[in-house]
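Inspection log for the structure reproduced underneath, given as structure tokens.
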Amino acid sequence: MQSTAQTIKAYLEAIPEERKSAFYTLRETIQKNIPDGFSEQLSYGMLGYVVPHSIYPNGYHCNTKLPLPFLNIASQKNFIAVYHMGIYADPKLLDWFITEFPKHSSQKLDMGKSCIRFKKLDQIPFNLIAALVQKMTVQDWINCYETNFKTSK
């Protein structure tokens, strides 16, 4: 479910009232812990953290006009989601996260390839999300991306 909001402020204002506290805490957790160089913007109808063109001029291989995406958070219909491309691209990071999750939550991990879903908002493991966000610098992500996704022309 992508938002049609045109600004971060509009996106945040559209979040249902019962989710705002959890979503704002998640955003603040990411902002406090994400390494320097990532930039917050609307990305794919969600709140995104990207590598801007000023750091990675090549942009995203699927559409080079877009900056390189790294992480998104979204208020979906039935859950809050964290989309972390590093988990999708780096098996060691995925293994670390899967191992750490039960230490931070009594809930079963609900996860897709890069999507971590939180249906119980009072069960979001903010400390674990903080640690996850810290695991990859901009350069780490660029290297991982170029190794795993970028096709040579």
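Keep in mind that this is a model prediction, so the values were computed, not measured. Side chains are part of it too, since the values below use all heavy atoms of this structure and drop only hydrogens, waters and symmetry mates.
The aromatic rings of Y145 and Y60 lie tilted to each other, with the angle between the two planes from 30° to 60°. Between F23 and Y11, the two ring planes are tilted [angle within 30° to 60°].
Atom CG of residue L47 and atom CD1 of residue I15 lie 7.5 Å apart, to the nearest 0.5 angstrom. Atom NZ in K113 sits 12.0 Å away from atom CG in L94 (nearest 0.5 Å). Summarising the geometry, atom CG belonging to L68 is positioned 8.0 Å from atom CE belonging to M85; distances are rounded to the nearest 0.5 Å. Rounded to the nearest 0.5 Å, atoms NZ (K20) and OG1 (T25) are 13.5 Å apart. Note: N72 CG to E40 CD = 10.5 Å, rounded to the nearest 0.5 Å.
For the pair N127 (side chain) and H104 (backbone), a donor-acceptor distance under 3.5 Å is absent. A distance-only check finds no donor-acceptor pair linking the side chain of D90 to the backbone of G86 [under 3.5 Å]. A distance-only check finds no donor-acceptor pair linking the side chain of S105 to the backbone of F101 [under 3.5 Å].
Across every non-hydrogen atom of S43 and G48, the tightest pair is CB-CA, 3.9 Å. Taking all atoms of both residues into account, the shortest heavy-atom contact from S106 to Q123 is OG-OE1, 3.6 Å. Counting all heavy atoms, side chain and backbone alike, V138 lies closest to D36 at CG2-O, 3.4 Å. Contact record, I34 with V133: CA-CG1, 3.2 Å, taken as the closest heavy-atom pair. Residues T147 and N143 approach most closely at OG1-O, 2.8 Å, considering heavy atoms. Smallest separation of non-hydrogen atoms from G59 and H53: CA-NE2, 3.6 Å.
You'll find the side chain of Y49 reaches within 4.5 Å of the side chain of R27, heavy atoms only. Counting only heavy atoms from C-beta outward, the side chains of K9 and L12 never approach each other to under 4.5 Å. At least one side-chain heavy atom of I55 sits under 4.5 Å from a side-chain heavy atom of I142. For the pair T64/N58, no side-chain contact is recorded, criterion being any heavy-atom separation below 4.5 Å from C-beta on. The closest side-chain heavy-atom distance from Q41 to P67 is below 4.5 Å. In this structure, the side chains of D110 and F79 stay at 4.5 Å or more apart for every pair of heavy atoms. Taking 4.5 Å as the limit, every side-chain heavy atom of F97 sits out of range of all side-chain heavy atoms of H84. Two residues are said to be in side-chain contact when any heavy atoms from C-beta on lie closer than 4.5 Å; I116 and L132 meet this criterion.
Linking Ile, Leu, Val, Met, Phe, Trp and Tyr residues whenever their side-chain heavy atoms come within less than 4.5 Å leaves V50 and I8 in two separate clusters.
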#### Entry: CA sep, side-chain torsions, deciding dist, call: I30, I129, side chain to side chain contact (heavy atoms under 4.5 Å, CB included)
CA-CA 7 Å; I30 291 167; I129 299 301; 4.3 Å; yes
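Other residues, nucleotides and ligands contribute only 12 or fewer heavy atoms inside 6.0 Å of the CD atom of Q6. No more than 12 heavy atoms of other residues, nucleotides or ligands shown are found within 6.0 angstrom of NZ on K120.
For the ring-ring contact (aromatic ring centres under 6.0 Å, His included) criterion with F70, the lone passing option out of W141, Y56, Y88, Y83 is W141.
Aromatic ring centres of F126 and F118 lie farther apart than the 6.0 Å criterion allows.
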